[in-house]
Amino acid sequence: MRRGPLLVTFLSGAAVAALFFIPHHQAQAVNNKLLEWTLVVYAFALILGSMSLWNSHARKLNARAEGWPFSLVTLVSLVGITALGIWKGVGEGSPVGRIYNTVNSPLASTMFALLAFVIASAAFRAFRARSVEATLLLITAIVMMIGRVSIGPLISPHLPGVTEWLLDVPNLAAKRAIAVGVGLGAVSTALKIILGIERSYLGRS
Amino acid sequence: MLRSEAVDQTLDTRWFDPARLNILIGVLLFTAFLVVNIFRARAKSDLYVRPIAGLKALDEAIGRATEMGRSVLYVPGLSDMSEVGTFAAITILYRLAQRIAEMGCDLDVPCYDPVVMTVLDGAVRDAYSKVGRPDAFRPGCVHYVSAQQMAYVAAVNGTMLRDRPAANVYMGSFYAESLLLAETGATTGAIQIAGTDKVTQLPFFVCACDYTLLGEELFAASAYLGREPVQLATVIAQDWAKAVAAIAVTAALLLASLGHPTLASWLRAA
Amino acid sequence: MIETWIAAFLTLCVFSFLYRENPFYRFAEHLFVGSAAGYLLAVQWHNVLIPNVWTPLTRGGDLVVLIPLALGLMMLARIWSKGAGIARWSIAFYVGVYSGVAIPGYMQAQIFAQLADAAKPWPPGAAGVNAALVFIGLITVLAYFFFSLPHRGIHGVGARIGIYFLMVAFGASFGYTVMARVSLLISRVQFLLRDWLHLLPS
Amino acid sequence: MTWARKVLSIDRRIIFLLVAAGVALPLLRPVNLPITVTPRVQAAFDAIDALPAGSKVLLSMDYEPDIMAELFPMSVAVLRHCFRKHLQVIAMTLYPAGTGLGERALRTAAKAEGAVLNKDYAWLGYKSGFQVVMIGIGENLRGMYPVDFYGTPLDSIPVTRGVNAYRQMAMVINLSGSSATDYWIQFAQGRFHAPLVVGCTAVMATDYYPYLSSKQILGLVGGMKGAAEYERLIDTVGDARRGMDAQSLVHLIVALLVILGNVALFVARRAGEDLGGRPAGSMTR
């Protein structure tokens, strides 16, 4: 039953991996085609996702569940913006483009800005020097916060230099090891998928 | 397809790029490690992988949710199927969903990527069937929220505050949302367990969650939870590769310092 | 003008979350989710479905695009729980391609290039000491992430040193993250004070 | 209850107010603290500065409005520098909502430096799919972008005439707030060997130091602070520099909060108080 899809994964994965080593222009053209096709698959998946969103809010609405008027807001904006966007385009200056700039963009940037508050409160509540490790983390963070901005050199002229060293030596070393480790993890997962060892994405049983 | 006349038309007609031989050898060597270890694992089932703190807590969390009659919220990261963290998230959820199906508490999985949603939905259904409780599966428990990061956060934060899940599990690739989610979750008093390969976000999970899997521990966890020989074998294959990498770098460094840069430049060529 | 007011209103709706969850936040949240999903759908329509499927099919008679179209439609079969088996083929293709891209990509940029740089001979003087520290850090952090040996003996010592390097790196990330989030807040406050309330010179 | 206990149980909304004041006050009453340029931003500046006039540069502005605070001022500063050096900029974005921002950054910089559309820069607009586009440009730019944002074929635009792949470009500059940067390193740099300069959000900045060391990237501009440094290097004042006073003050507040929290905890522990509550935050847990 799953043999077919596994074969598809193997063929597409092995082909794309092999094409990295083949600079021939025709081979590269095939490579680009395969990649382009994934975009189409994604577009359809997004349609599927939006239907899922529709279903979950429609369910709340039908059941008149607590907070159903809010679900109505989601449903109306989903349908309205999709229709308007398909009809009039989504570029700058189109109605949807303007709605994006007045609605989505302030909402998204404010959600991000919330982080500044949350980070301050989390730093106060939970950043504790409980162990040698945690203390190291804390001290580095404080040196970094102060040393990288304008007040740093006013407090001590050596601070910017210290931050530069922290970034260039211990930070670089750790991030390099992580890059190698995560790289190996990525390669290993990808290999497992192509070889059909990792099948969780197809569902198991 | 449009092509400009003026453009350099020297099309490449080589069928192999010799400069990339090192990468090819790397890939083949790693594949060999993987295959060898899978055979080793099948031959003897007691390969050692160090235990990972935090995994036991998953059981605890499910137990608590069941007792309290509340749900378990599983956030599978904000990335797509091209990211390893997502695969770890899928495997871990598959295990977790089996436990949840057995214990009979509710599961909620809001998704960021529609393809991941499709995959997770299949995995959770299968998990419920596997433990013989397909009837307990609630359609819609795996659902799409938004492929826009902050819209997703806004919605999941809202869910946490309103539905008050007993346990929040964050596994996969996380970005700016990590702290917003974890902090909001902490204020609801839920048990929180996180794991991510995105190192930048680790300090925040560490500070707002009860248990955190650091970096690669996430990958190892997905292997460890299953205790399947094949999965453990891949962890060991990765260890071998790390050892080879460390030895190769040390050797290349020593040789280069002694005036023989061949190995170092072989590593470099791409 | 009216747009600035709407944007300011929504900004405040979200900020109200800092006080506590409330109907304003909830409204903003639901509006955001719906409009974001709608926007992304419309974008995919204009940027993928039309140029990569519709145009080649209708203008060029390019029948090859029937393949991705079929894969996409098969994805939709997921709507019915019986269609899971059909959708699996599209997922298989999608996952296969990205796995194939990942293997050489990571091998080259994250593994070989980094190892090659780590194998550079150490220069004399302070730079050499730093290079040596970077090297020690690399090896010990790799040791920390070595799962198939218990953290004992020399490996234990290595892993211990490794975690110290990791903590410093996390601290640096934390410091920089604070910087980033504060910048985003500054910009929001600039919007409120300048564009909305005109309290700052533009 | 000791003072330490009281401090520890402070309502988090008081901290929120403190942060809000820390941002708003310096914006209303700026003192213009001096800005020092850090080596990695200098390196980015130098790499771009060293290109001969007339060189083609691919600039990808991969961000959406949510994080424009960090990347928009950076885009304007980098573009102004390019225009001043008479580099020919081919600009694009990998985010649909980035088109408006990209266009605005180009217009702002072009107006300030007297650059002209199509003669000094081309605006290609948005194309979906990170890896797809990056690998595509390695082989055939026109396959990805047959026409520019305004519908003009690339061959009719002086800037893009004769340019169809990375090998005809002197540099790729990526300004991004997402994993797009990783892919530019993997594909444009790794696979196709394009010289790469990166500008990113501050969150991401520390992750790219290994790639600076290996010369996979030539320079790194991190966050609003990096943008402010770049503004200083090209001697202009933009939103990034204007925000730096607030940046300093809030950093100071956060650092003091961390210290205060720890001192209070220490004192409370000494006094033998039971601090109850959910323990948080050690790495071993």
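Note that the coordinates shown come from a computational prediction; the quantities given were computed from them, not determined experimentally. Naming convention: chains lettered A, B, ... in sequence-line order (proteins, then strands); numbering from 1 in each chain.
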Atom [atom1] of [X] and atom [atom2] of [Y]: how far apart are they, to the nearest 0.5 Å?
X: A:M144; Y: D:H251; atom1: CE; atom2: NE2; result: 11.5 Å
X: A:L172; Y: D:L212; atom1: CG; atom2: CG; result: 8.0 Å
X: A:R176; Y: D:S214; atom1: CZ; atom2: OG; result: 6.5 Å
X: A:F20; Y: D:I135; atom1: CZ; atom2: CD1; result: 9.5 Å
X: D:Y209; Y: A:L167; atom1: OH; atom2: CG; result: 4.0 Å
X: A:N31; Y: D:E139; atom1: CG; atom2: CD; result: 9.0 Å

At their closest point, which heavy atom of [X] faces which heavy atom of [Y], and how far apart are they?
X: A:A108; Y: D:D66; answer: CB-CB, 3.5 Å
X: D:M244; Y: A:S150; answer: CB-OG, 4.4 Å
X: A:F124; Y: D:V7; answer: CZ-O, 3.3 Å
X: D:A20; Y: A:F117; answer: N-CE2, 3.8 Å
X: A:I142; Y: D:A255; answer: CG2-CB, 4.1 Å

Picking from [options], which has the most non-hydrogen pairs under 4.5 angstrom with chain A?
options: D:A97, D:P210, D:A69, D:G136; answer: D:P210
options: D:T99, D:L252, D:T36; answer: D:L252
options: D:L18, D:N262, D:I67; answer: D:N262
options: D:T206, D:T38, D:L33, D:V133; answer: D:T206
options: D:R104, D:K225, D:R13; answer: D:K225

Answer with side chain, backbone, both or neither: which region of [X] has an atom nearer than 4.5 Å to a non-hydrogen atom of chain D?
X: A:I151; answer: both
X: A:V118; answer: backbone
X: A:L154; answer: side chain

Heavy-atom distance under 4.5 Å to chain A: side chain of [X], backbone, both or neither?
X: D:F266; answer: neither
X: D:I10; answer: side chain
X: D:E64; answer: side chain
X: D:S128; answer: both
X: D:L257; answer: both

Quiz item: Can you tell which of A:A29, A:A123, A:A43, A:A122 has the highest number of heavy-atom pairs within less than 4.5 Å of chain D?
Solution: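 Counting heavy-atom pairs under 4.5 Å, the top option is A:A123.
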Practice problem: Among the options A:S109, A:A141, A:P153, A:A129, pick out the one with the most heavy-atom pairs lying under 4.5 Å from chain D. | Solution: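 When all of A:S109, A:A141, A:P153, A:A129 are compared, A:S109 has the most.
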Self-check item: D:R40/A:D168 ion pair, N-O < 4.0 Å
Solution: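 A:D168 and D:R40: salt-bridged.
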Self-check item: Side-chain donor or acceptor of A:S105 paired with backbone N/O of D:P65 under 3.5 Å
Solution: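 The answer is no, because no donor-acceptor pair under 3.5 Å joins these two groups.
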Self-check item: Heavy atoms of other groups near D:F192 CZ, more than 12 under 6.0 Å
Solution: yes
